[in-house]
Amino acid sequence: MDNLLAQLPALQVVVPFLTVPLVMLLKPRGFAWLAATATSVVCFAIAIAMTSAILQGAPLTYAMGGWPAPFGIALAVDAFSALLLLVITGASTLTLIGARASIDSQITDARQPLFYAAWLLALTGLSGIVVTADAFNIFVFMEISSLASYVLISGGPDRRALPSVFKYLVMGTIGATFYLIGVGLVYMMTGTLNLADMEARVHEVGDQSPILVAAGFITVGLALKAAVFPLHAWLPNAYTFAPHAVTAFLAACATKVALYVLIRFDFLVFQPNLVGHDTQFAYFLMPLAVLAIVVASAVALFERNLKRLLAYSSVAQIGYIMLGASLVNDAGLTASVVHIFNHALAKGALFLTVMALAMRFGDVSLDQLAGAARRAPWTMAAFVVAALSLIGVPGTAGFISKWYLVMAALDEGWLAIPLIATIAAGSLLAVAYVWRIIECTYFAPADGTEPTGHVPPLVTGVVLIAATANVYFGIFTALPTTLAAEAALALQEALP
Amino acid sequence: MSPETAIVAALAWPLAGALAISLTGRVSANAREAATLITAAGLIWIVWGLVPELLAGGRPAVALAEPIPGISIAFRIEPLGMLFAALASGLWLINSIYSIGYMRGNKEANQTRFYTCFAIALAATIGIAFAGNLLTLFLFYEVLTLSTYPLVAHKGDGATVRSARVYLGLLLATSIGLLLPGIVWVYTAAGTGDFTPGGILAGHIASPELGLLLALFVFGVGKAAVMPVHRWLPAAMVAPTPVSALLHAVAVVKAGVFTITKVIVYIFGVDHLFSEPGSGWLLYAAAFTIVAASIVALRQTNLKRLLAYSTVAQLSYVIMAAAILKPLAEIGAAIHMVAHAFGKITLFFAAGAIYVASKKTELGQLRGIGRRMPWTMAAFTIGALSMIGVPPTGGFVSKWFILAGAFEADNFIAIFTIIASTALNAAYFLPILYMAWFEAPAKDDKPHGEAPPAAVAALTITAMLTLAFFLLNGPVIRLEQQLISGIAG
Amino acid sequence: MLELLGYYNYWVFAVLLMVGLYAVITRGNLIKKLLGLSIFQSAVFLMYITMDKVAGGTAPILQPDLPDQIYSNPLPQVLILTAIVVGVSTTALGLALVVRIRETYGTVEEAEIYEQDARG
């Protein structure tokens, strides 16, 4: 058993990757879906097994090809990465289980094997970013996941997806290339690509200015990938026009993974070694986070397409995650990591309900959804619960992260007042934009025509599970908070 | 059933009831309403079964989960909460009987949603009453706001939804913008938010910050409707009358004043607050609200809006009583919650009965209605007298205690406010009574009879309770006298 | 001054990077945007290749009979081989997208595409 456990970090990436060619060959209807779902379930199981191992003891490491770090590529799974793995594999599994009917309606049969193959490649890439401890390897996995995401997003029937993906592709590539430049500069000065090794060697470097430039390139590059305001321009359209299932999967984890790399890289490599970097980091990101929360929420207030509204809400929520990290203290990092988890729960559940609503009503503009609650009571009930979590109402997961964030802000002296005001304003704006949806779906009269779509019970079940998770993790919070506290501790160990 | 189990049961039972209601609602209206009544009766059995334990000095407590390290979702029953829970659960049953009469008589749509949300709101009310710390209280406070929103917006037309938006917006904005920061402040300053006899802030927060913190609580608890955060209450009068009756005369508004009283007694600590100069403004704010709301009520022409402003004034009675910061006045605050609940629910029931029977909503239309609806108007009269504070009604008892507390503290502002508001209450209620009983109906008035029997029965019961509370208030006072030991710490 | 000029590889890197970025931002033609993106990526390849050069070094093939031989650093070359593969895939995918866009919109000019979508 221990032997198997030691292999799990590698299996997390290898299992979905090796299934890709198999899935591509499965032409008969339904088989590709079955194979992809089964793979995703296995990945989820691997993530759970690793998480429980980490909760009990030491982090897991794996040397690829038997070459020890820093010479070979090392995989390392600690509390932070375990949390992300749970989010990635969980989102993929839950979405795949519920998404078959939706994918059938949006992707032609002939293309489905390729679609599922791209899905597994995205899963491979996202998991790979999280498990690897090698800076260049992160780049490779990031591009695998990004290229697969471009394919997934452009797979839908809406032609507007194409220019949106093109924009995403251009911006994503620029982001990745910036990251590559940063890694190159650090490598030039330290001669290593292993993150832990970099941490040890950066402070031996005489002239720190290339490192500073590298920090700038890496931060901006990853901020582009993570859609940190104002580099979020690619996100709303890409999420809006993607197939609904893809939106649910990517919204739950894609930007979070870029944030993971950003936080991890900065806190492991740059924070301990660059003089004054903590203030630079904070002064750069904190205003952006505040702006993201306020501006993106305000934009969401005026959107009439449900998916685009939620996409702008994602930009705002990324602001909360950045806000926690930019405080550069224990509580802030914990809040940030907890919010990565909790926001994935809320946004994943919301986009899953959007998927169900789209199947029933055909379109997800607010005009189309007038009076939807009477026709899809369970789906809308799940939507309301997930939306409450998004707002941060107590009793839901969203409240927990906001509480941690407020506690972290309180450590900041006079800064606490504007920060808490921002958090409160963001929450109130969220109330406003969520309530527009609820008013429309619950109280607006429906037009006479009965919608033709049909939602299989399996989809409703998945949606309800996702919504329940938001309540469950709002009350029994041990799992995310323990992992987050450990992650925050590990991130700070290196700090002086 | 052990008291600890009873606490969990009191929370779970109405939720189970809500589920049963929503499921049976698809089958038949009778089954749904039977489920409502059974749930309400069962809740009374559970909650009232806890009273002997409390009278014997027990303080049952239970902790469910710990979402944030050091802060749990926990419940602990003390006399104030026990009273509130007993009141809300008791009146829910009567209200359910009335609702059945009203909703059927009015042929309202979406009745299943109505009864389901009602049951959830009651679960939230019980949660507020039994909450053992600030976070738990906040949790159920928000659940109450959210679960009553569909009730307020019940009709669903444009004007209703706009009013419901005011209701929700004001309550959520104050709670997130003011109450939550206040709670966070308490937790960071005192390291705990548990409701503790004697308070927890002594030695942690002093004037002038104490006054600011008090303001965060008083205005953050928008449900208490202290001016200027009272606007949601008249707005919420667009709701069907049973909602106005139970939620806006009993559960929601009382949750507000209950929260403030509880926070003053168990978080701030009465003695600590009394010794600090920064808290004096609360009395003035409450006194101002009493007088101002009574004057506004005087100018209303719509019956329900008049009752709404009367509620705003009466709520501030409770807050003013709590702000006198003397044990007798704290008892008065608790008793006034009960007395006002009986009186105001009677008034709302009567207003609803008038609407169902005759579709009348304006004061001018009530001429001579006493002869057509004698039962309803008799109950209305008793309720109105209780608001004014005339013996032999419950309103007299609580005013007595508040006045006694005010004299103990030599607090002449409170005394004068009570006198002035009594005069104002008389000024806006007595003309209605005169019109209803002694004037002749208008010529073009269509003849009509009494409201449906279920509605009449309910309002008769609450009117009787209003009268009975004048004499049979012993158990309540005995329960609340335990507050004094709580205040001493 | 001469010292700065001595780093001419890096100057070329910086100039190419900016040329590429400029093209991506200013061109409305999707193909030209992709060309710019390729130039942008190539600039980074050049940076990696430059840094692996060790003065006097030769190709990193182990020669056991010459123990004092100086080799260039092989690692950046390997890295950049991977990065080139990534770059080619990105360009290929981008071009495939442009083909699809041309099929559905009948144009590869960004402004015209948005105009069509705005008209609905």
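Order of the sequence lines sets the chain letters (A, B, ...), proteins ahead of strands, with each chain counted from 1.
- Rounded to the nearest 0.5 Å, atoms CG (B/Leu168) and CD (A/Glu439) are 8.5 Å apart.
- The CD1 atom of A/Ile475 sits 7.0 Å away from atom CG of B/Leu139, with the distance rounded to the nearest 0.5 Å.
- Proximity to chain B is absent for every atom of A/Phe473, based on heavy atoms less than 4.5 angstrom apart.
- Counting only heavy atoms from C-beta outward, the side chains of A/Phe399 and B/Leu180 approach each other to under 4.5 Å.
- A/Trp378 approaches B/Arg26 most closely through the heavy-atom pair NE1-NH2, 3.9 Å.
- Around CZ of A/Arg436, the count of heavy atoms belonging to other residues, nucleotides or ligands within 6.0 Å exceeds 12.
- No more than 12 heavy-atom neighbours from other residues, nucleotides or ligands sit within 6.0 angstrom of CD1 on A/Ile417.
- Contacts of B/Ile73 with chain A are made by side-chain atoms alone, with heavy-atom separations under 4.5 Å and no backbone atom involved.
- Of all heavy-atom pairs spanning B/Leu64 and A/Phe476, the tightest one is O-CE2, 4.4 Å.
- If you tally non-hydrogen atom pairs under 4.5 Å between each of B/Thr160, B/Ile176, B/Val184 and chain A, the highest count goes to B/Val184.
- Considering all non-hydrogen atoms of both residues, B/Pro67 and A/Ile400 come closest at CB-CD1, 3.6 Å.
- Distance check, rounded to the nearest 0.5 Å: CG of A/Leu388 to CG of B/Leu146 gives 5.5 Å.
- Closest heavy-atom contact between B/Glu142 and A/Val393: CB-CG1, 4.1 Å.
- Enclosure of atom CZ in A/Arg304 by more than 12 non-hydrogen atoms of other residues, nucleotides or ligands within 6.0 angstrom is indicated.
- A perpendicular orientation is assigned to the rings of B/Tyr187 and A/Trp403, their planes being inclined by more than 60° (bins at 30° and 60°).
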